[in-house]
A.B. asks: 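Okay, here's the structure, questions in a sec.
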Amino acid sequence: MMWITNILLFLTSCNYLPPRTAYKAARVQSNLRIEKSFKVLDFTEEYSFTGEGIINIVFQLNEKEVETLEASCKKKGYKKVTVENLINDGFLEKDPEMGMNLYNRDIQKIDNGYYRLVARDLYNMDFGITVLDISKEELIIYVSIP
């Protein structure tokens, strides 16, 4: 009887099983607690026939959710969004005039926020980045798959 309960618990809480939702994908990519109360503004997945693609997820948050996520970001080692940090991580070129758009959002225009970059191969655009924009009260998850 206990094993049935364990299997049901696994199937209902697993982020890797269908159906694929913005909430599940965001949990896996961001390593943050993504609540069902977060309003999905955008959930886009685009892939080519050869497998390249992007995942873009944007959540609108309220003030309390932002505070909770900010504390979680600090605890999990997220960095402040600054041009210097982005250059040091290799995400931006030394010339910050180049900019970096994450699905039509320039990360350099975020004046108050945190980010986590998972760079497998930045040269080939193989990375994932999670950005908490405190001013706009948004959580952005962007993944580029070469």
Side-chain angles (χ1 to χ4, degrees), residues 6-7 9-146:
N6 288 340
I7 290 173
L9 183 62
F10 172 76
L11 291 175
T12 58
S13 64
C14 185
N15 292 319
Y16 299 97
L17 295 176
R20 188 167 172 83
T21 66
Y23 300 98
K24 286 182 180 182
R27 276 188 217 110
V28 169
Q29 295 298 327
S30 69
N31 198 27
L32 294 171
R33 185 180 178 103
I34 306 297
E35 302 291 340
K36 292 282 186 185
S37 63
F38 296 3
K39 181 181 175 189
V40 178
L41 294 180
D42 185 30
F43 179 40
T44 305
E45 290 185 291
E46 297 175 359
Y47 301 100
S48 71
F49 291 114
T50 57
E52 297 95 358
I54 60 104
I55 300 169
N56 185 65
I57 307 167
V58 181
F59 293 103
Q60 183 67 57
L61 310 168
N62 62 39
E63 191 174 325
K64 184 178 178 187
E65 292 166 339
V66 169
E67 289 173 6
T68 303
L69 278 178
E70 182 178 7
S72 185
C73 286
K74 289 177 181 177
K75 189 176 181 181
K76 294 188 183 231
Y78 277 55
K79 297 179 181 178
K80 285 287 283 178
V81 175
T82 64
V83 171
E84 183 180 312
N85 281 344
L86 293 167
I87 289 172
N88 290 340
D89 280 347
F91 193 69
L92 288 179
E93 297 292 325
K94 299 268 185 242
D95 179 10
E97 293 297 318
M98 296 293 287
M100 181 58 184
N101 285 327
L102 301 176
Y103 214 73
N104 299 323
R105 295 174 193 275
D106 188 351
I107 192 169
Q108 292 183 94
K109 296 200 172 160
I110 297 172
D111 59 354
N112 186 14
Y114 292 89
Y115 77 98
R116 174 178 166 250
L117 176 66
V118 177
R120 292 167 286 277
D121 185 358
L122 282 174
Y123 180 76
N124 289 315
M125 299 297 288
D126 186 6
F127 69 91
I129 188 167
T130 301
V131 181
L132 175 62
D133 186 338
I134 295 169
S135 301
K136 288 187 177 178
E137 297 184 335
E138 290 181 342
L139 180 66
I140 304 161
I141 295 99
Y142 182 87
V143 180
S144 175
I145 305 157

A.B. asks: Quick one: ring pair (Phe, Tyr, Trp, His ring centres under 6.0 Å) pairs with a partner in residues 62-82, sequence neighbours left out?
C.D. replies: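 Output for this query is empty, none listed.
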A.B. asks: Rounded at 0.5 Å granularity, tell me how far OH in Tyr142 sits from CD1 in Ile107.
C.D. replies: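 Going from the OH atom of Tyr142 to the CD1 atom of Ile107 covers 11.5 Å.
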A.B. asks: Can you sort out the partners of Thr68 under side-chain hydrogen bond (donor to acceptor under 3.5 Å, both in side chains), two or more places apart, ordered by chain and number?
C.D. replies: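 Expected list: none.
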A.B. asks: Evaluate the side-chain proximity of Gln29 to Ile57: yes if any heavy-atom separation is below 4.5 Å, no if none is.
C.D. replies: no
A.B. asks: What pairs of donor and acceptor atoms, side-chain ones from residues 126-133 against any protein atom, are under 3.5 angstrom apart with sequence neighbours left out?
C.D. replies:
residue : atom : partner : partner atom : Å
Asp126  : OD1  : Arg120  : NE           : 3.0
Asp133  : OD1  : Ser135  : N            : 3.2
Asp133  : OD1  : Lys136  : N            : 3.2

A.B. asks: From Asn62 CG over to Ser37 OG, what is the distance, rounded to the nearest 0.5 angstrom?
C.D. replies: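 Answer rounded to 0.5 Å: 6.5 Å.
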A.B. asks: In Å and rounded to the nearest 0.5 Å, what is the CG to CD1 distance from Leu32 to Ile34?
C.D. replies: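 It comes to 5.5 Å.
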A.B. asks: Of all residues at least two apart in sequence or in a different chain, which pass the salt bridge (Lys or Arg N to Asp or Glu O under 4.0 Å) check with Glu67?
C.D. replies: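 So Glu67 forms no salt bridge (Lys or Arg N to Asp or Glu O under 4.0 Å) with any residue.
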A.B. asks: Would you please name every residue forming a side-chain hydrogen bond (donor to acceptor under 3.5 Å, both in side chains) with Lys76, sequence neighbours left out?
C.D. replies: none
A.B. asks: More than 12 non-hydrogen atoms from neighbouring residues, nucleotides or ligands closer than 6.0 Å to NZ on Lys80, yes or no?
C.D. replies: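 Enclosed: over 12 neighbouring heavy atoms sit under 6.0 Å from NZ of Lys80.
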A.B. asks: Measure the spacing between CD1 of Ile134 and CG of Asp111 and express it to the nearest 0.5 Å.
C.D. replies: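 Rounded to the nearest 0.5 Å, the CD1-CG separation comes to 9.5 Å.
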A.B. asks: Please name all residues satisfying side chain to side chain contact (heavy atoms under 4.5 Å, CB included) with Lys39, sequence neighbours left out, ordered by chain then number.
C.D. replies: Leu41, Gln60
A.B. asks: Test of understanding: with ring pair (Phe, Tyr, Trp, His ring centres under 6.0 Å), list the residues that count as partners of Phe59, not counting sequence neighbours.
C.D. replies: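 Ring pair (Phe, Tyr, Trp, His ring centres under 6.0 Å) list for Phe59, sorted by chain: Tyr23, Phe38.
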A.B. asks: Apply side chain to side chain contact (heavy atoms under 4.5 Å, CB included) to Asp89 and list each qualifying residue two or more places apart in sequence or on a separate chain.
C.D. replies: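 In terms of side chain to side chain contact (heavy atoms under 4.5 Å, CB included), with neighbours along the sequence ignored, Asp89 is linked to Lys79, Tyr115, Leu117.
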A.B. asks: How many angstroms lie between CD in Glu138 and CD1 in Ile110, if you round to the nearest 0.5 Å?
C.D. replies: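 Nearest 0.5 Å value for the CD-CD1 distance: 8.5 Å.
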A.B. asks: Could you note down all residue pairs passing salt bridge (Lys or Arg N to Asp or Glu O under 4.0 Å) where residues 44-57 supplies at least one of them, sequence neighbours left out?
C.D. replies: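 Residue pairs passing salt bridge (Lys or Arg N to Asp or Glu O under 4.0 Å), neighbours aside: Arg20-Glu45.
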A.B. asks: Could you tell me the separation between the CE atom of Met125 and the CD1 atom of Ile54, rounded to the nearest 0.5 Å?
C.D. replies: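 Those atoms lie 10.5 Å apart.
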A.B. asks: Got a donor-acceptor contact below 3.5 angstrom from the Arg116 side chain to the Ser30 backbone?
C.D. replies: yes
A.B. asks: Quick one: salt bridge (Lys or Arg N to Asp or Glu O under 4.0 Å) pairs with a partner in residues 53-62, sequence neighbours left out?
C.D. replies: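 Listed once each, the pairs would be none.
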A.B. asks: Check salt bridge (Lys or Arg N to Asp or Glu O under 4.0 Å) between Glu65 and all other residues, then give those that pass, not counting sequence neighbours.
C.D. replies: none
A.B. asks: Return the set of residues passing side chain to side chain contact (heavy atoms under 4.5 Å, CB included) with Glu84 (not counting sequence neighbours), or none when no residue passes.
C.D. replies: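 Listed in chain order: Thr82, Asn88.
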A.B. asks: Kindly indicate whether the side chain of Leu69, heavy atoms from C-beta on, has any atom under 4.5 Å from the side chain of Leu139.
C.D. replies: yes
